[in-house]
2 protein chains.
Amino acid sequence: MQIDGVDQRIIALLVADARASYADIGSRVALSAPAVKRRVDRLRAAGVIRGFTAVVEPAAVGWTTESFVELFCTGRTTPAQIAVATRRHPEVIAAYTVSGEADALVHLRAADIAHLEQALERLRAEPFVTSTRSMIVLSRLVDSPTVVPAPS
Amino acid sequence: MQIDGVDQRIIALLVADARASYADIGSRVALSAPAVKRRVDRLRAAGVIRGFTAVVEPAAVGWTTESFVELFCTGRTTPAQIAVATRRHPEVIAAYTVSGEADALVHLRAADIAHLEQALERLRAEPFVTSTRSMIVLSRLVDSPTVVPAPS
DNA sequence: AGTGAAATTCTCCGAAG
DNA sequence: CTTCGGAGAATTTCACT
């Protein structure tokens, strides 16, 4: 899909505040509210904007422990298998196949260390996992939402 | 702050769709629209809800390459130093201090491999970085927004 | 893409538990 | 003292230009 500079500015404004009114966005990009809505609808339909979400402080809802786990898998493991398996665990908030030593990187969030240990144990029990290497998150230093490059 | 089950359900609904109307949320949690707004305002003020953002498909806005970089730092490096340094690079979308072999884990997003290489070079030039280990993301398998535990 | 209007939704202020 | 429901104000959303 073709995205012009106005689209990018609209996206950036929605990333900054997903509940901004169309009229407000329109005033910042010199467009009427209906014109903004049409563009947003088009961007959503095209999958450029996947949705709108509230950014929640995990600690405030009882998730205090975060970790990244590198997965080492058996030779025949497919990305689809890893995807299906990791999606089953509610503690998994993201998972990627990666190049490097490990085969996949899994981002976990748990209530506490005990809960994390449980989740890790379950993950390690997956038949294709040969070993894991964990990094516990001590502190979050940076956490930007997706940055949209400034229109040229 | 005290969060009850209704708050948690409101948070879950907003995570699923940050542009949902207060009236719609209210009908799902058996509350009037004004009552929902009061709660959301309170949750925002308390920092439980940090904000509302659009979820953008990075590839659609020209960011096609993603990677995780483990940072190994000199002995005297403080988390604050790493935070300040990593925040300077626009390619850094997240950074954490971690336990394990590495001192920090940096999540990078770049336009392409060449851009990623540049960003990595700049990151490695930070005076406290002794070495790095990179994982290039091959595919995103799972990408859930923050999951809110179901009210008990 | 803009304009105007109808329907919906937001947000303040008073009322009740 | 906190939480909820109703009325004016703003916003969304549609047809048409």
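Below, read A as the first sequence line, B as the second, and so on, with proteins coming before strands; counting in each chain starts at 1. For clarity, every value in this text was computed on a predicted model and none was experimentally measured.
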Any donor-acceptor N or O pair under 3.5 Å, side chains B:T74, B:T130 = no
Salt bridge or not for B:E57 and B:R140, using N-O below 4.0 Å?
-> yes
Using 4.0 Å as the upper bound for N to carboxylate O, is an ion pair formed by B:D4 and B:R39?
-> yes
Does any pair with a residue in residues 108-127 of chain B pass ring-ring contact (aromatic ring centres under 6.0 Å, His included), and if so which ones, sequence neighbours excluded?
-> B:W63-B:H115
Indicate for each nucleotide in nucleotides 10-17 of chain D, in 5' to 3' sequence, whether protein heavy atoms under 4.0 Å reach the base (B), only the sugar-phosphate (S), or nothing (-).
-> -SSBB---
Any B:I82 side-chain heavy atom under 4.5 Å of B:T78 side chain = no
For residues A:E126 and A:H89, determine if any side-chain heavy atom of one lies less than 4.5 Å from a side-chain heavy atom of the other.
-> yes
Single-linkage hydrophobic cluster A:V129~A:L108, side-chain heavy atoms < 4.5 angstrom | yes
Walk me through it: do B:M135 and B:V69 pass the test side chain to side chain contact (heavy atoms under 4.5 Å, CB included)?
-> CA-CA 6 Å; B:M135 292 177 270; B:V69 178; over 6 Å; no
Protein-nucleotide distance (B:R39, atom CZ; D:dT3, atom P), rounded to Å = 7 Å
Contacted region of DNA chain C by chain A, from 5' end to 3' end of the hits, cut-off under 4.0 Å to heavy atoms, spans C:dA1 to C:dC10
